Amino acid sequence: DAKTTQPPSMDCAEGRAANLPCNHSTISGNEYVYWYRQIHSQGPQYIIHGLKNNETNEMASLIITEDRKSSTLILPHATLRDTAVYYCIVRGRNAGNMLTFGGGTRLMVKP
Amino acid sequence: DGGITQSPKYLFRKEGQNVTLSCEQNLNHDAMYWYRQDPGQGLRLIYYSQIVNDFQKGDIAEGYSVSREKKESFPLTVTSAQKNPTAFYLCASSIGQLYGYTFGSGTRLTVV
C-alpha cells in the first residue's frame with residue numbers, strides 16, 4: 001500500500017473549517033484514500049473514503065486532486081469535539097490489503 | 001444496536017502470565033483484526049482473520065496468539081513471550097474490503 005505523509009499537528013478555531021492535508025504521491029490506480037479519526041483513548045472512527053471523485057457525507061468532505069497524489073479532509077465547521085488524531089490511509093481493494101495507520105495529524109480545535 | 005465489544009476496558013497482568021482479551025461483534029462481519037497502539041504512536045497490526053477458522057499474522061505477531069472458532073468472536077492472548085505487552089489494544093471488524101473497519105473501544109493492558 002502507498003505511504004502517506006501528514007503534518008503532525010494543526011490548530012483550528014472553533015466554528016471555522018478545518019482543512020487537513022495528506023500526500024500520497026505513490027498511490028496506484030486501484031487504491032482508495034480513507035480517513036479515520038481517533039479521539040483520545042477511544043477506537044478509531046471511520047470518516048470517509050474515496051477513489052478519484054470528491055466525496056461528502058454528514059461528517060466531512062474529501063477532496064482528491066486530479067493526479068490523486070494528495071487529498072484534503074475538510075471539516076466544515078469544527079467543534080471542540082472534533083479535537084482528535086486524524087489518519088489518512090491509502091489501501092487497495094484486493095483481499096489481504098489491510099488498513100495501515102501512520103502517525104496521523106493531531107488536530108486541536110480551540111475556542 | 002450492532003457493534004463491537006471489547007472487554008475488559010482495563011487489565012493488569014503480572015510479568016510471566018498469559019492474558020486473554022475479548023472481542024465480540026454482532027455486525028455479521030466476516031473479517032476481524034487486532035491492533036496494538038503505544039503512546040503517541042499509530043496502530044500496528046497484530047493478527048487478522050478474514051473467515052472463521054482461519055487467521056494470519058500481521059506485522060507484530062510475536063508473543064501473541066488468536067483463535068477464530070466463531071464468526072462473532074476473535075480473542076487475543078498476550079503470552080509471556082511478549083517482551084513489552086503494556087499497550088492499548090484495539091479490535092476491529094469489517095464487512096469486506098470496501099467499507100473500512102468498525103473499531104471497539106479498546107483494552108488498556110498494563111504489566112505490573
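Since this is a predicted model, take the numbers as computed values, not measurements. Note: hydrogens, waters and symmetry copies are ignored here, and every other heavy atom, side chains too, is used. Naming: A, B, ... by sequence-line order, numbering from 1 per chain.
For A:Q38, the part lying near chain B is the side chain, with the backbone staying farther off; criterion is any non-hydrogen pair under 4.5 Å. Interface remark: B:L45 contributes side-chain atoms only to the contact with chain A (heavy atom separation under 4.5 Å). Neither the backbone nor the side chain of B:R44 comes within contact range of chain A; no heavy atoms are under 4.5 Å apart. For B:Q6, no part lies under 4.5 angstrom from a heavy atom of chain A.
Between the side chains of A:Y86 and A:R37, at least one donor-acceptor pair of N or O atoms lies under 3.5 Å. A donor-acceptor pair shorter than 3.5 Å can be found between the side chains of A:T65 and A:D67.
Between A:Y87 and B:Y35, the ring center distance fails the sub-6.0 Å criterion. Here the two rings, on B:Y47 and B:Y64, have centers that are 6.0 Å apart or farther.
When A:S41, A:G103, A:G104 are compared by the number of non-hydrogen pairs under 4.5 Å with chain B, A:S41 comes out ahead.
Contact of the A:M10 side chain with the A:P21 side chain is registered, since non-hydrogen atoms from C-beta on lie closer than 4.5 Å.
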